[in-house]
Structures are given as C-alpha cells and as structure tokens.
Amino acid sequence: TGIIHGDIKADNCLLRLEPTFEWDSRYDPSGAHGWSKKGIKLIDFGCAVDVTKFSPDMRFIADWKTDDQDCVEMREGRPWKWQADYYGLAGVIHCMLHNEYMQITPVRVDDDSFSSGVSSISTKKYRPIQSFKRYWQSDLWRKLFDMLLNPTMVRSDSRLPITQELNDIRREFEEYLVSNSNRAGKNLKELLYKLEISGEHVTGYRYVEIQSLCPQMETVGEALVVVIQNFIGESDVAQNLTGKRVFWLSHSKNRKILAKGKYFDRR
C-alpha cells in the first residue's frame, strides 16, 4: 500500500468480530461463509509514513530514545524502512503466543553466499529468546519470526519489502487452519463466539486482551491466522466502528485482564 504504520503493537490492534447470519465452523481463508466479518482493525496512524512521497531508495534513521518495541535497526542507529512494521507484527504475535513482550537475542550464522573471495562469513541475525512449545506448529512459527526479524536476509539481494514471501507463509498458516479448525474437540468458531458474547452488551466499544483467549487453545495457530490475515498483505484500517463489537488487543500491564473472557468498557 506504500504506507509504513510505524507503531504496530498490541495496543494498536482491534479484534473485529462483526455479527453474521452465515458463519461456517470450518475456516475459509477467502472470507466466505461469514469469515470476512472476523479480522483485525489497525489503528493509530500518528507515526505512519507515506513512502510514495519519497524516492524508492529512501531510508530513515531513528532520532528518538528507542526501546524494546522498536526494530533492531532503530536501536542500533542503522537505516530502516519496512523493518519497523515487520518487527511490530512479530511483537504482536509474540504477545499472543507467550503473553509477554518480545525479547530478542542475536545469533551468529554462517553464510556462504558472499562472493568476496571468503568461503564463509559469520553473519548476525535475531530470534526471540522465548522458545515455542512442543505442541505448537513450531516450524511455521520459527520460519515466520525469522522472516519478520531478519527481513533483509530473506532474499539474496536483501531487497524489501518481502510481501510475496509473507503471502506464501500466510497461505501455509491458512492451509493448516483449514485442516485443523475442527480438531480434537477444539472449534475455532466456538472459541471466537465465546469471546464475542462474553459479558453484557455495552454502549460504545468493547475491548479485550486477545492473549486471554490463547491459553484456552491446544494450538494457538488456530486463532492467530485470523488475527494476522489482515497484517500480511493489506491492512484493515479501523473506520466507522460505532455500533460494532470491537475488541482491544492490549498487553499493557496496567490494563491486564486476568479473568479469561472478561471485557472492560473504554468509552
């Protein structure tokens, strides 16, 4: 879309659960059978950058005090562009998987793709400190985090953005979800429906921490594909939310909801 959001984090994500008369229990990545009514709203574009207003080779340097929610390039004073949103998306997914903010660590890898005459060179890349549980689809998650945290290493020419590669892994997640959305007594539709109807209807918006739903799932991927489907590709911008049931994806400790399924009114 030519837009860098610049501040993707759990607090800026709204889980959209609009009512629908037709909602099949089997997930449909095309959005058919009611699934187009379930998704993500991305808000707060105060830090957004319209890259179409700059030359294609333009890069940016962070001139503010950075923290763990900023991408590595910002923290190390290196030029950045799409890395800001890739890192932000990784942080949102990490909050949902582990119920805590993402911490990363550098690792050294041998890369023999350099043609400078040296047969192998040690290259630094990053990965989350937290490991994946054995019953998660760990290969998929590792692949996704590797791409989001090290986007310039995805292609041999280091070119960004890596939209096609992210679309490809998105399809892998969707294929898994289609096959497993009704597995071993775990029904994705029922889990989302319980979240949707939890508590009484209130005037205005309803918000809830999405990570409170995750521990109820045997496979966290069953919820995350629905959540990330609008991040990878085109963003689903929040507009005209009045009267719709909208849920807040917040990990702020001062707003942490301990009771699963509860909501609070933030009018």
Side-chain angles (χ1 to χ4, degrees), residues 4-15 40-48 62 64-78 80 82-107 124-134 136-138 140-151 166 169 173 195 207-217 219-232 235 238 247-264 266:
I4 299 173
H5 183 278
D7 194 23
I8 293 180
K9 56 186 177 181
D11 299 67
N12 288 335
C13 300
L14 300 179
L15 181 57
I40 276 287
K41 295 289 185 182
L42 186 59
I43 65 170
D44 191 357
F45 283 74
C47 298
W64 58 85
K65 184 177 180 180
T66 58
D67 56 34
D68 288 344
Q69 295 194 63
D70 293 314
C71 67
V72 174
E73 289 78 8
M74 291 180 181
R75 285 185 258 170
E76 295 182 352
R78 294 189 280 123
W80 57 270
W82 304 104
Q83 294 95 323
D85 284 355
Y86 294 152
Y87 190 89
L89 174 57
V92 172
I93 298 173
H94 189 280
C95 281
M96 297 176 63
L97 286 171
H98 301 287
N99 198 24
E100 63 181 53
Y101 290 119
M102 181 173 64
Q103 299 288 328
I104 59 174
T105 183
V107 293
K124 183 170 63 173
K125 63 190 304 184
Y126 294 87
R127 64 172 177 81
I129 292 177
Q130 283 272 32
S131 59
F132 301 107
K133 295 181 179 179
R134 60 178 179 79
W136 294 350
Q137 303 305 303
S138 55
L140 277 177
W141 291 122
R142 289 192 189 96
K143 182 178 178 181
L144 177 59
F145 274 93
D146 189 43
M147 295 172 67
L148 293 174
L149 297 181
N150 308 283
L166 288 175
I169 193 171
F173 275 99
L195 177 64
Y207 306 85
V208 72
E209 289 182 328
I210 192 62
Q211 61 263 37
S212 66
L213 176 67
C214 292
Q216 302 178 35
M217 296 186 162
T219 305
V220 177
E222 296 174 3
L224 279 177
V225 171
V226 178
V227 172
I228 69 175
Q229 64 178 336
N230 289 320
F231 276 119
I232 299 177
S235 298
F247 297 80
W248 189 266
L249 277 147
S250 173
H251 190 70
S252 299
K253 292 184 178 179
N254 63 337
R255 294 201 302 267
K256 188 170 184 180
I257 301 174
L258 299 178
K260 294 182 179 67
K262 286 190 177 181
Y263 68 90
F264 65 95
R266 186 185 171 92

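For the pair Gln137 and Phe132, the minimum side-chain heavy-atom distance is 4.5 Å or more. Between Asn150 and Tyr126 the shortest side-chain heavy-atom distance falls below 4.5 Å. Here the side chains of Leu166 and Leu144 are in contact, with some heavy-atom distance below 4.5 Å. Between Val72 and Pro106 the shortest side-chain heavy-atom distance does not fall below 4.5 Å.
Note: Glu100 CD to Cys95 SG = 8.5 Å, rounded to the nearest 0.5 Å. Atoms SG and CG, on Cys71 and Leu148 in that order, are 12.0 Å from each other to the nearest 0.5 Å. Separating the CZ atom in Arg78 from the CD atom in Gln83 is a distance of 8.0 Å, to the nearest 0.5 Å. Between atom CG of residue Leu42 and atom NE2 of residue His5 there is a gap of 4.0 Å, rounded to the nearest 0.5 Å. We find the CG-CG distance between Asn12 and Asp7 to be 5.0 Å, quoted to the nearest 0.5 Å.
Between Ala84 and Met74 the shortest heavy-atom distance is CB-CE, 3.6 Å. Pairing each heavy atom of Pro128 with each of Phe145, the nearest pair is CG-CD2, 3.6 Å. Between Ile40 and Cys13, the shortest heavy-atom distance links the atoms CD1-CB, 4.3 Å. Residue Asp85 comes nearest to Gly6 through the heavy atom pair OD1-N, 2.9 Å, listed as atom of the first residue, atom of the second, then distance. Minimum interatomic distance between Ala62 and Thr66 (heavy atoms only, all atoms of both residues): CB-CG2, 4.3 Å. Residues Leu89 and Ile8 come closest through the heavy atom pair N-CG2, 3.9 Å.
The six-membered or imidazole ring of Tyr101 lies away from that of His94, with a centre-to-centre distance of 6.0 Å or more. Two rings, from Trp141 and His98, have their centers 6.0 Å or more apart.
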Run the side-chain contact (heavy atoms from CB on, under 4.5 Å) check on Lys133 and Leu97 step by step: do they pass?
CA-CA 9 Å; Lys133 295 181 179 179; Leu97 286 171; over 6 Å; no
Apply side-chain contact (heavy atoms from CB on, under 4.5 Å) to Leu149 and Met102, showing your working.
CA-CA 11 Å; Leu149 297 181; Met102 181 173 64; 3.9 Å; yes
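For Arg127, the salt bridge (Lys or Arg N to Asp or Glu O under 4.0 Å) test picks out no residue, with sequence neighbours left out. Residues forming a side-chain hydrogen bond (donor to acceptor under 3.5 Å, both in side chains) with Tyr87 (at least two apart in sequence, or on another chain): Arg75. By the side-chain hydrogen bond (donor to acceptor under 3.5 Å, both in side chains) test, Gln103 pairs with Asp68, sequence neighbours left out. Under the side-chain hydrogen bond (donor to acceptor under 3.5 Å, both in side chains) criterion, Ser138 pairs with Arg142, sequence neighbours left out. Applying the salt bridge (Lys or Arg N to Asp or Glu O under 4.0 Å) rule to Asp70 yields no partners; only residues at least two apart in sequence or on another chain are considered. In this view, Lys125 and Asp146 satisfy the salt bridge (Lys or Arg N to Asp or Glu O under 4.0 Å) rule, not counting sequence neighbours.
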